[in-house]
Amino acid sequence: MNSDINHASLTVDTAAMEKQQFCPEAFPLIYAVQAAAGDNKSLDAVAAWVQVNLSELKKKLTEHGAILFRGFPVVTDHDFDAFIRLFGMQNFTYTDSLSNAVRRNRTERVFTANEAPPDIAIYLHHEMAQTPVYPEALFFFCEQAAAKGGATPLCRSDVLLENMEEELPAFVEACEQKGVKYTNTMPDEEDLQSGQGRSWRSTLNASDKSAAEAKLQSLGYQWQWLPGDDLRVTTPVLPAVRKLDDGRRVFFNQLIAAFQGWQDKRNVAQKSICFGDGSVIDTKAMARVIELAENYSFDLDWQTGDVALVDNSLVMHGRRPFQGERRVLASLLNF
């Protein structure tokens with residue numbers, strides 16, 4: 001299959017994958033380096049290819065929601081950092097984020113995706129949609145594929161919302177009219193046994209309680225200090241449905257992840273979310289939303305060296321449980 005963008009010094013073609021979806025655009029869009037005699041398979045060649053095709057790649061990302069780059073010469077975390085820089089996006093640092101996940105920085109803009117144990121599933125979500133500040137795009141890099149499992153499910157939120165409106169119109173209307181609030185208890189010290197185990201000091205980039213409270217107040221949060229200096233916070237009302245600049249509407253939130261996965265010794269999943277007016281979210285409706293999202297998800301089964309670029313406004317992602325060593329790195333960005 002011939003690619004519809006220029007090749008520069010690499011031979012790069014679009015590729016197909018089993019269970020790839022069409023919305024009607026291919027989801028995800030896949031670009032694979034081909035084994036052509038005389039090709040220069042170096043990071044310099046990649047840089048030239050990206051430079052020639054950058055505007056088209058950004059257009060494709062907006063159209064398709066996710067792009068997989070397979071077979072590119074990206075081997076290390078520093079290679080990945082260099083690849084990211086080619087796209088000219090603004091770094092959204094982990095330090096400045098309000099992410100709940102424990103992560104470890106490798107470079108200024110590259111960190112581990114999540115330090116939660118391998119048997120814990122991370123359910124579909126838009127990155128940091130449970131906060132007032134979130135990145136516009138995500139890069140992932142598979143430094144080491146798992147021996148078994150460990151796929152990253154991807155789900156187009158516009159497609160999901162269209163199907164929700166057909167089956168659950170009253171629920172969608174409630175989401176749009178009321179918005180949602182999230183409640184989460186952050187530990188005093190990081191908890192590596194939880195997918196939401198980042199400490200309040202790290203999450204809020206605060207050295208003490210006073211600094212934490214000042215940050216929360218500036219964001220419009222409510223908070224309560226608990227025994228052991230754990231910190232329970234509740235967000236202001238946040239949208240559950242958003243309208244993108246091109247008119248597409250998306251189910252942009254953390255409801256699925258919170259409903260299924262915000263469960264640890266400090267948190268009870270179904271008590272972590274409510275509508276913006278404080279009313280209870282219908283568990284039967286949420287169960288059906290979860291089923292629909294699963295139906296419209298594509299499992300990205302990683303190969304070592306894969307890089308994926310995801311439009312965070314359009315596509316949810318997660319993590320399947322896995323066995324063996326799995327190292328997937330991430331970077332958060334704004335256009």
Side-chain angles (χ1 to χ4, degrees), residues 15-30 60-68 113-114 119-127 129-130 138 140 146 148-176 180 195 239-244 246-263 269-270 272-273 275 281-302 306 308-322 328:
M17 184 181 292
E18 186 179 358
K19 298 183 180 179
Q20 188 178 12
Q21 299 178 0
F22 295 88
C23 307
E25 308 85 4
F27 178 69
L29 179 63
I30 304 167
K60 294 293 186 183
L61 177 64
T62 300
E63 293 174 353
H64 295 258
I67 301 175
L68 173 65
N114 196 308
D119 60 330
I120 292 179
I122 299 173
Y123 297 99
L124 288 168
H125 61 283
H126 288 277
E127 189 69 22
Q130 81 282 18
L138 310 158
F140 294 106
K148 182 178 181 180
T152 292
L154 302 170
C155 179
R156 281 270 298 260
S157 284
D158 57 338
V159 175
L160 173 60
L161 185 62
E162 288 175 3
N163 286 273
M164 287 171 57
E165 288 182 303
E166 292 183 6
E167 288 196 34
L168 304 163
F171 179 72
V172 172
E173 183 179 7
C175 286
E176 286 194 290
V180 292
V241 176
R242 294 182 183 270
K243 187 174 183 179
L244 305 183
D246 61 8
R248 286 181 292 183
R249 294 164 60 250
V250 291
F251 191 60
F252 185 94
N253 53 63
Q254 282 255 3
L255 289 179
I256 293 174
F259 190 87
Q260 289 188 285
W262 284 15
Q263 185 78 35
Q270 295 182 20
S272 65
I273 51 175
F275 282 123
I281 295 176
D282 184 351
T283 57
K284 291 184 178 180
M286 273 305 305
R288 182 54 182 154
V289 169
I290 291 166
E291 290 178 350
L292 287 171
E294 191 67 24
N295 291 343
Y296 291 103
S297 289
F298 170 84
D299 270 15
L300 175 52
D301 290 312
W302 293 106
D306 282 349
L309 175 57
V310 176
D311 186 330
N312 190 44
S313 297
L314 186 61
V315 174
M316 291 188 286
H317 67 279
R319 187 194 77 180
R320 307 292 189 194
F322 62 93
V328 173

Between atom [atom1] of [X] and atom [atom2] of [Y], what is the distance when rounded to the nearest 0.5 Å?
| X | Y | atom1 | atom2 | result |
| --- | --- | --- | --- | --- |
| Ile122 | Gln260 | CD1 | CD | 12.5 Å |
| Tyr123 | Trp262 | OH | CH2 | 14.5 Å |
| Lys60 | Ile67 | NZ | CD1 | 9.0 Å |
| Leu124 | Met316 | CG | CE | 5.0 Å |
| Thr62 | Asp311 | OG1 | CG | 5.5 Å |

What are the two closest non-hydrogen atoms of [X] and [Y], and how far apart are they?
| X | Y | value |
| --- | --- | --- |
| Asn312 | Glu127 | OD1-N, 2.8 Å |
| Ala285 | Leu168 | O-CD1, 3.8 Å |
| Asn253 | Ile256 | OD1-N, 4.4 Å |
| Cys155 | Ala293 | SG-O, 3.8 Å |
| Ala269 | Gln263 | N-OE1, 2.8 Å |
| Gly195 | Asn114 | O-ND2, 3.7 Å |

### Task
List the steps and the verdict of side chain to side chain contact (heavy atoms under 4.5 Å, CB included) for His126 and Gln254.
CA-CA 6 Å; His126 288 277; Gln254 282 255 3; over 6 Å; no

Side-chain contact, heavy-atom cut-off 4.5 Å: [X] with [Y]?
| X | Y | result |
| --- | --- | --- |
| Phe252 | Leu161 | no |
| Met17 | Leu68 | yes |
| Val250 | Ser313 | no |
| His317 | His125 | yes |
| Glu162 | Tyr296 | no |
| Lys19 | Asp299 | no |
| Phe251 | Cys175 | yes |
| Glu63 | Asp246 | no |

### Worked check of side chain to side chain contact (heavy atoms under 4.5 Å, CB included) between Val180 and Ile273
CA-CA 7 Å; Val180 292; Ile273 51 175; 6.0 Å; no

### Task
Using the side chain to side chain contact (heavy atoms under 4.5 Å, CB included) rule, take Arg249 and Glu176 through it: C-alpha gap first, then chi angles, then the decisive distance, then the call.
CA-CA 11 Å; Arg249 294 164 60 250; Glu176 286 194 290; 2.8 Å; yes

### Task
Indicate yes or no for a side-chain donor-acceptor contact from Arg320 to the backbone of Asp301 under 3.5 Å, with no hydrogens or angles considered.
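Such a contact is absent between Arg320 side chain and Asp301 backbone.
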
### Message
Donor-acceptor check, side chain of His64 to backbone of Glu25, threshold 3.5 angstrom: yes or no?
### Response
no

### Query
Hey, is Arg288 close enough to Glu166 for a salt bridge, meaning N to O under 4.0 Å?
no

### Query
Is any NZ, NE, NH1 or NH2 atom of the basic residue among Lys284 and Asp282 found under 4.0 Å from an Asp or Glu carboxylate oxygen of the other?
no

#### Entry: Plane angle bin for Phe298 and Phe27 - parallel if under 30°, tilted between 30 and 60°, otherwise perpendicular
perpendicular

### Task
Mind checking ring pair (Phe, Tyr, Trp, His ring centres under 6.0 Å) for Phe259 and listing every partner two or more places apart, or none if nothing turns up?
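With neighbours one apart ignored, the set is empty.
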
### Query
Can you list the steps and then say if Leu300 with Phe140 is a side chain to side chain contact (heavy atoms under 4.5 Å, CB included)?
CA-CA 11 Å; Leu300 175 52; Phe140 294 106; over 6 Å; no

